[in-house]
Each structure stands twice: as structure tokens, then as C-alpha cells.
Amino acid sequence: MAQHRVRLEVNGEQHELEVEPRLLLVHLLRDRLGLTGTHVGCDTSNCGACTVHLDGRAVKSCTVLAVQADGAQVTTIEGLGSEDALHPMQDAFWANHGLQCGYCTPGMIMAATDLLRRNPNPSEDDVRRALEGNLCRCTGYHNIVKAVLDAARRGEARESAAPPPPPVEEPAAPVAPGVGA
Ligand code: FES
Ligand code: FES
């Protein structure tokens with residue numbers, strides 16, 4: 001089958017690969033780049049285990065052809081944090097026991113970080129709605145939702161603890177004619 005050249009940035013690294021036009025992004029990530037943190041749970045766009053960020057937005061990478069990602073920026077769970085420096089969402093999942101077997105977790109975390117990017121202060125309903133496309137076979141939704149709300153709270157706490165911006169120097173108000181000394 002004819003090959004197509006695609007160039008894409010994955011977790012900050014540039015890649016150029018020859019791919020078959022039918023290759024799915026999830027298989028490019030896992031089989032060609034060895035990024036196996038992105039899971040395949042169904043291959044039918046139902047489970048969300050394969051969720052990554054494509055140009056900053058969460059997508060199910062089993063629904064995207066690798067050639068459609070040509071020129072794009074992709075972030076996978078490996079690009080979000082590291083063992084030594086967890087992303088706040090990973091830390092919140094850990095702290096709230098938001099996982100059991102962990103199979104759905106990378107996709108949940110990628111979907112949840114996209115939610116907080118769009119809506120930094122979601123309600124419980126917002127979280128449940130945003131994660132509708134991500135299935136957990138261990139049925140651990142309660143703690144997953146708790147983890148996302150915790151990550152949102154921590155983000156808010158960080159922002160309110162940030163030092164206030166320096167005062168903006170107001171231009172001196174013009175003195176009205178006839179007022180003052
Ligand atoms: Fe992509 Fe299930 S593997 S949605
Ligand atoms: Fe097992 Fe979600 S933690 S599938």
C-alpha cells in the first residue's frame with residue numbers, strides 16, 4: 001500500500017514517519033513511537049482509553065487517522081507529567097484513589113485536563129458530562145469525579161495563593177480647570 005509521510009510533534013519531540021493511509025493515530029503512537037500509555041480499549045470509539053490531546057484538545061486517537069495528524073501537536077499521558085513530577089491531575093487521581101486497574105486512567109486524565117482547560121471550575125455534573133465518553137470497567141467513577149474536582153480546587157487554590165500582580169501606575173488625573181491651588 002502507498003505510504004504517506006507525516007510530520008508531527010509528540011510530547012515536544014518532532015517526528016517524521018512514513019505511514020499507510022489507514023494507520024490510526026493510536027497505533028502510530030503505540031506501535032511506531034512506543035508510547036504505550038495510550039491504551040486501546042475498544043477500537044470502536046466507545047471507551048475513551050485512547051484519548052490524547054491533538055492541538056490542545058482531547059480526541060479519541062482511535063478515531064483519527066495518522067495522516068490527519070500531519071503537522072499537529074500531540075500530547076499523550078507520557079507528556080503530561082513524569083514519575084518524579086506528576087501533573088496535578090495525576091496527583092489528584094493518586095490522592096483520591098481515582099483508579100483501580102488503571103486501564104482507563106490515561107484517557108480519563110487526558111479528558112479531564114482538557115475539561116479544566118475549558119472550564120477551570122466545573123461542577124460535579126460538568127465533570128460527569130465531560131467524562132461521558134470515557135468508560136471505566138472497574139466502575140470507579142465516584143473517585144474519578146472526586147479527583148477531577150480536587151484537581152480543579154487545587155488549581156483555584158494555586159491561583160488565589162499567587163502574589164497579586166504589580167500595581168498598574170495610573171496616569172496622573174488631569175486637574176480640572178479652576179480646581180486646586
Ligand atoms: Fe478509542 Fe476505545 S480505543 S475509544
Ligand atoms: Fe480499571 Fe478504570 S480503573 S478500567
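Basis for what follows: all heavy atoms, side chains included, without hydrogens, waters or symmetry-related copies. Atoms within a ligand are numbered from 1 in the order they appear, just like the ligands themselves.
Among the atoms of C42, an N, O or S atom falls under 2.8 Å from atom 2 (Fe) of ligand 1. Note on C47: not counted as a metal contact of atom 1 (Fe) of ligand 1, no N/O/S atom lying under 2.8 Å.
At atom 1 (Fe) of ligand 2, the angle from SG in C101 to SG in C138 is 100° when rounded to 10°.
Against a heavy-atom cut-off of under 4.0 Å, G102 is close to the following atoms of ligand 2: 1 (Fe), 3 (S). Atoms of ligand 1 lying under 4.0 Å from any heavy atom of C62, numbered from 1 in the order shown and given with element: 1 (Fe), 3 (S), 4 (S). The distance from ligand 1 to the heavy atoms of N46 drops below 4.0 Å at these ligand atoms: 4 (S).
Screening L17, L54, D70 for a side-chain contact (heavy atoms from CB on, under 4.5 Å) with L8, the sole residue that qualifies is L17.
Regarding atom 3 (S) of ligand 2, its nearest protein heavy-atom neighbour is Q100 N, 3.2 Å. For atom 4 (S) of ligand 1, the nearest protein heavy atom (residue, atom name, distance) is G48 N, 3.1 Å.
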> When you look at R117 and D114, which way does the salt bridge (charged side-chain N to carboxylate O under 4.0 Å, His left out) test go after all the steps?
Replying inline: CA-CA 5 Å; R117 177 187 62 78; D114 184 41; 2.6 Å; yes
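Using a 4.0 Å cut-off between heavy atoms, V26 makes no contact with ligand 1 at all. By the criterion of a heavy-atom distance under 4.0 Å, the backbone of S45, and not its side chain, is placed next to ligand 1.
Although no hydrogens or angles enter the test, the distance criterion places a donor-acceptor pair under 3.5 Å between the side chain of N143 and the main chain of H97.
There is no side-chain donor-acceptor pair under 3.5 Å between D84 and S82.
The number of heavy atoms from other shown groups lying within 6.0 Å of CZ (R128) is above 12.
With distances taken over non-hydrogen atoms, the option nearest atom 1 (Fe) of ligand 1 out of C104, G41, C50, G133 is C50.
The residues D126 and R129 are annotated as salt-bridged, a charged nitrogen and a carboxylate oxygen being separated by less than 4.0 angstrom.
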